[in-house]
Amino acid sequence: MSVYEENRCIRDNQRRLLAEKFEVKRNLFKALVRDPNLPIEQREKFQSKLSKLPRNSSFTRVRNRCIFTGRPRAVYNLFRMSRIVFRELASNGMLTGIKKASW
């Protein structure tokens, strides 16, 4: 893994930590903004509080990446590795309970 890819993984991990830290607060503000029973002034107040939260604390900014290569696409959530690494490790018998299909 190059230094550039490693930095991407570090940034992604920091985003995950921020998203986890602000998850409850963000969900609360979102629910209050969407509540039609509240007066408009209060909803606008909560909207401004929501916008003041760190941008990287949103779960939509988190990108699933392979923990071995940093590849952002074709990552299996269960194993957190890309299809290429998964296939290589499975072929070598390094993943318990996984074997190549043959019929």
Side-chain angles (χ1 to χ4, degrees):
M1 184 182 323
S2 71
V3 175
Y4 187 64
E5 289 171 346
E6 195 171 305
N7 287 342
R8 283 184 180 169
C9 289
I10 291 170
R11 256 186 289 153
D12 187 58
N13 191 36
Q14 289 171 343
R15 285 179 180 158
R16 284 178 191 277
L17 295 175
L18 259 180
E20 186 179 326
K21 180 180 176 183
F22 288 100
E23 178 181 17
V24 175
K25 194 179 275 192
R26 182 174 285 278
N27 288 341
L28 174 69
F29 290 154
K30 276 185 171 182
L32 291 171
V33 166
R34 282 193 229 118
D35 187 8
N37 298 329
L38 287 177
I40 294 175
E41 300 84 34
Q42 278 189 330
R43 292 190 346 207
E44 288 174 352
K45 184 179 103 179
F46 289 121
Q47 178 64 44
S48 69
K49 285 186 177 185
L50 181 64
S51 66
K52 286 184 177 133
L53 290 177
R55 184 172 284 168
N56 283 336
S57 68
S58 173
F59 272 106
T60 58
R61 307 264 302 187
V62 174
R63 180 78 170 151
N64 288 335
R65 290 189 175 273
C66 175
I67 56 176
F68 295 104
T69 61
R71 181 181 166 87
R73 296 182 178 195
V75 175
Y76 294 125
N77 286 335
L78 185 62
F79 299 99
R80 290 213 35 214
M81 62 180 77
S82 68
R83 62 182 173 81
I84 300 163
V85 174
F86 179 82
R87 184 166 188 247
E88 186 68 31
L89 291 177
S91 295
N92 293 338
M94 308 271 295
L95 299 176
T96 56
I98 306 292
K99 65 178 184 176
K100 191 172 184 299
S102 59
W103 61 89

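Just so we're clear, the structure is a prediction, and the values are computed from it rather than from any experiment. This chain uses plain numbering: 1 for the first residue, then up along the sequence.
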Taking the side chain as C-beta and beyond, is there a heavy-atom pair between [X] and [Y] under 4.5 Å?
X     : Y     : value
Arg65 : Val75 : no
Arg83 : Arg71 : yes
Arg8  : Arg11 : yes
Arg63 : Arg73 : yes

If you take all heavy atoms of [X] and [Y], which pair is closest and at what distance?
X     : Y     : value
Glu20 : Phe59 : N-CZ, 4.2 Å
Cys66 : Cys9  : O-SG, 4.3 Å
Lys25 : Leu53 : CD-CD2, 3.8 Å

**Report entry** Whether over 12 other heavy atoms sit under 6.0 Å from Gln42 CD
**Finding:** yes
Are [Y] and [X] linked, directly or through intermediate hydrophobic residues, by side-chain heavy-atom contacts shorter than 4.5 Å (ILVMFWY only)?
X     : Y     : result
Leu17 : Phe22 : no
Leu38 : Leu50 : yes
Ile10 : Leu18 : no
Tyr76 : Ile67 : yes
Leu78 : Val85 : yes

**Report entry** Short side-chain to backbone donor-acceptor contact, Ser58 and Arg55, under 3.5 Å
**Finding:**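 A pair under 3.5 Å: no.
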**Report entry** Side-chain donor/acceptor of Asn92 to backbone N/O of Met94, under 3.5 Å
**Finding:** no
Query raised in the report: Which value, rounded to the nearest 0.5 Å, describes the distance between Ile98 atom CD1 and Arg87 atom CZ?
Result: 14.5 Å
Query raised in the report: Once you round to the nearest 0.5 Å, how far does CD of Gln47 lie from CG of Leu32?
Result: 11.0 Å
Query raised in the report: Do the charged groups of Arg16 and Asp12 touch, with an N to O distance under 4.0 Å?
Result: yes
Report task. Over 60° means perpendicular and under 30° means parallel, so classify the ring planes of Phe79 and Phe86, tilted if in between. Result -> tilted
Requested in this report: Report the C-alpha distance between Asp35 and Phe46 in whole Å, list the side-chain angles of each, state the deciding distance to 0.1 Å, and finish with yes or no for side chain to side chain contact (heavy atoms under 4.5 Å, CB included).
Outcome: CA-CA 11 Å; Asp35 187 8; Phe46 289 121; over 6 Å; no
